[in-house]
Amino acid sequence: MYINLSGLNILVTGASKGIGKAIATKLAEAGATIAIHYNKNVREAENLASVLGNESRAFQADLSKPDEAANLFDRVALEMGSIEILVNNAGMATASDISSKEGDWLDIWNNTLQVNLSSCAILCKKTVEFMLKRNSTGRIINIVDNAGFKGDSAEYMAYAASKAGLISITKTIAQSYGKKGIKAFNISPGIVRTEMGNGIIETKGNDKATKDIALERMTEPKDIAPMVTFLASGMADHATGSTIDLNAASYLH
Ligand SMILES: NC(=O)c1ccc[n+]([C@@H]2O[C@H](COP(=O)([O-])OP(=O)(O)OC[C@H]3O[C@@H](n4cnc5c(N)ncnc54)[C@H](OP(=O)(O)O)[C@@H]3O)[C@@H](O)[C@H]2O)c1
């Protein structure tokens, strides 16, 4: 099976490191042009753009700020001419003790919901509007987390809630716009070896990460990227609305 994504423009959020970087790399290897979104890691993102080639470019936006998600989409669409696929990957997971000061807890709650849910929703909305207006077809791939189904430990309540919201956005888009040619998928990892994953392991302990999985090694970003590439290819369009678990059998539906 050969996957050729040349001619497709793909916006990958949070592509400066971790899972997003692996996804952007795999998609570009299949020929796509990547809009490499980043927030703080400008050097990583610019460097990745030159390594990936295919006229890939880096775009900055702080997705904790409501205006910046919409603005990001508009800039990418203008500079690249079109967007055929959106990969909502950028995310944050900050632990917050429920006994911490009310304001601190609420700040983390609001920030998490803005980055992981509201900005993703804005990018989904802009993508759907863009495709409907042009009568074009396309795909949205949202990177969620099995915490969105099963919940999480109390300090990651906001994180789990944000991912549960994103899961249902995907399902709604799939059901509402399939006949217009717009497909939407969730990819749901367990703990993945990245900066975020390492932070979660530090909070929960290494045992939690390794005991729950059925395979001998932890999931890495390179284990996530091929599935995104496959979904982007259109070969799995009849899976629209579904969630693909990539969690080494640590959580099964
Ligand atoms: N790692 C895991 O165990 C795991 C498990 C399940 C699901 N996931 C999901 O997979 C996705 C990627 O996670 P990861 O592990 O690769 O995380 P990561 O290594 O921490 O990378 C996070 C990415 O998101 C971007 N980002 C963070 N806050 C942002 C903000 N305020 N505005 C814009 N961009 C922001 C970062 O950009 P800069 O670095 O440029 O600032 C970076 O590119 C997330 O949605 C996460 O929830 C991860």
Side-chain angles (χ1 to χ4, degrees), residues 11-26 36-45 48 60-65 68-69 87-97 104-105 107-120 123 141-167 170 186-213 215 217-228 243-248 250-251:
L11 168 56
V12 182
T13 67
S16 50
K17 63 184 180 195
I19 296 171
K21 184 177 179 183
I23 290 171
T25 303
K26 202 39 116 189
I36 300 159
H37 159 261
Y38 67 97
N39 182 27
K40 294 187 180 147
N41 272 306
V42 56
R43 197 179 297 169
E44 283 279 351
L48 186 62
Q60 196 276 336
D62 181 354
L63 297 177
S64 69
K65 301 192 174 135
E68 296 204 13
V87 183
N88 257 324
N89 165 80
M92 55 169 287
T94 304
S96 74
D97 197 318
D104 296 347
W105 185 88
D107 284 349
I108 291 174
W109 173 272
N110 285 334
N111 208 32
T112 306
L113 271 285
Q114 184 62 52
V115 174
N116 291 4
L117 181 60
S118 301
S119 286
C120 295
L123 287 168
I141 302 166
N142 289 326
I143 310 301
V144 297
D145 189 302
N146 58 26
F149 293 96
K150 66 180 172 63
D152 209 323
S153 47
E155 66 268 39
Y156 288 109
M157 193 187 293
Y159 180 76
S162 70
K163 294 297 183 178
L166 187 54
I167 289 164
T170 307
N186 287 314
I187 297 245
S188 183
I191 298 180
V192 184
R193 270 238 182 266
T194 65
E195 210 170 295
M196 180 190 289
N198 291 338
I200 293 168
I201 292 167
E202 254 176 52
T203 313
K204 299 188 181 190
N206 199 46
D207 258 20
K208 175 80 192 136
T210 50
K211 258 201 204 146
D212 287 352
I213 61 172
L215 300 181
R217 68 164 174 84
M218 274 188 63
T219 307
E220 294 173 28
K222 67 174 167 54
D223 300 310
I224 309 292
M227 184 58 78
V228 177
T243 301
I244 289 101
D245 289 324
L246 292 174
N247 62 35
S250 58
Y251 175 73

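Remember, predicted model here, so these are calculated numbers, not experimental data.
Annotation: Lys150, atom NZ; neighbour count of heavy atoms from other residues, nucleotides and ligands within 6.0 Å is above 12.
Asn39 CG to Glu68 CD: the interatomic distance, rounded to the nearest 0.5 Å, is 7.5 Å. With values rounded to the nearest 0.5 angstrom, Ile108 atom CD1 is found 12.5 Å from Leu113 atom CG. The distance from atom CD of Glu195 to atom CG of Asn41, rounded to the nearest 0.5 Å, is 7.5 Å. Taking CG of Leu11 as the start and NE2 of His37 as the end, the distance is 8.0 Å to the nearest 0.5 Å. Note that the CZ atom of Phe149 and the CG atom of Asn186 stand 6.0 Å from one another [nearest 0.5 Å]. To the nearest 0.5 Å, atom CE of residue Met218 and atom CG of residue Asn247 are 11.5 Å apart.
Donor-acceptor pairing under 3.5 Å is lacking for the side chains of Tyr251 and Ser188. Using modelled atom types, one finds a donor on one side chain and an acceptor on the other under 3.5 Å when comparing Tyr159 with Asp145.
Between Pro189 and Ile224, the shortest heavy-atom distance links the atoms CB-CD1, 3.9 Å. Across every non-hydrogen atom of Leu117 and Ser162, the tightest pair is CD1-O, 3.7 Å. Taking every heavy atom of both residues into account, Asn146 and Gly190 meet most closely at ND2-CA, 3.6 Å. Smallest separation of non-hydrogen atoms from Asn116 and Gly91: OD1-CA, 3.2 Å. In terms of heavy atoms, Ala15 sits closest to Leu48 at O-CD2, 3.3 Å. Counting all heavy atoms, side chain and backbone alike, Ser16 lies closest to Tyr38 at CB-CB, 3.7 Å.
Within the 3.5 Å criterion, the main-chain N or O of Gln114 finds a donor-acceptor partner in the side chain of Ser119.
Proximity of Leu246 to Thr219: side-chain heavy atoms (C-beta onward) are nowhere separated by under 4.5 Å. Side-chain contact between Ile201 and Arg193: present, with at least one pair of heavy atoms (C-beta onward) separated by less than 4.5 Å. Between Asp104 and Ser96, every side-chain heavy-atom pair lies at or beyond the 4.5 Å cut-off.
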Candidate pair Tyr156 and Lys163, rule side-chain contact (heavy atoms from CB on, under 4.5 Å), full reasoning: CA-CA 11 Å; Tyr156 288 109; Lys163 294 297 183 178; over 6 Å; no
Verdict with supporting geometry, Asn111 and Thr94, side-chain contact (heavy atoms from CB on, under 4.5 Å): CA-CA 9 Å; Asn111 208 32; Thr94 304; over 6 Å; no
Working for side-chain contact (heavy atoms from CB on, under 4.5 Å), residues Asp152 and Lys204: CA-CA 11 Å; Asp152 209 323; Lys204 299 188 181 190; 2.4 Å; yes
Pair Thr194-Ile19, side-chain contact (heavy atoms from CB on, under 4.5 Å): steps then yes or no: CA-CA 7 Å; Thr194 65; Ile19 296 171; 3.9 Å; yes
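Using a 4.0 Å cut-off between charged nitrogen and carboxylate oxygen, Arg217 and Asp223 count as a salt-bridge pair.
Screening Val12, Ile143, Asn89 for a side chain to side chain contact (heavy atoms under 4.5 Å, CB included) involving Val228 leaves a single residue, Ile143.
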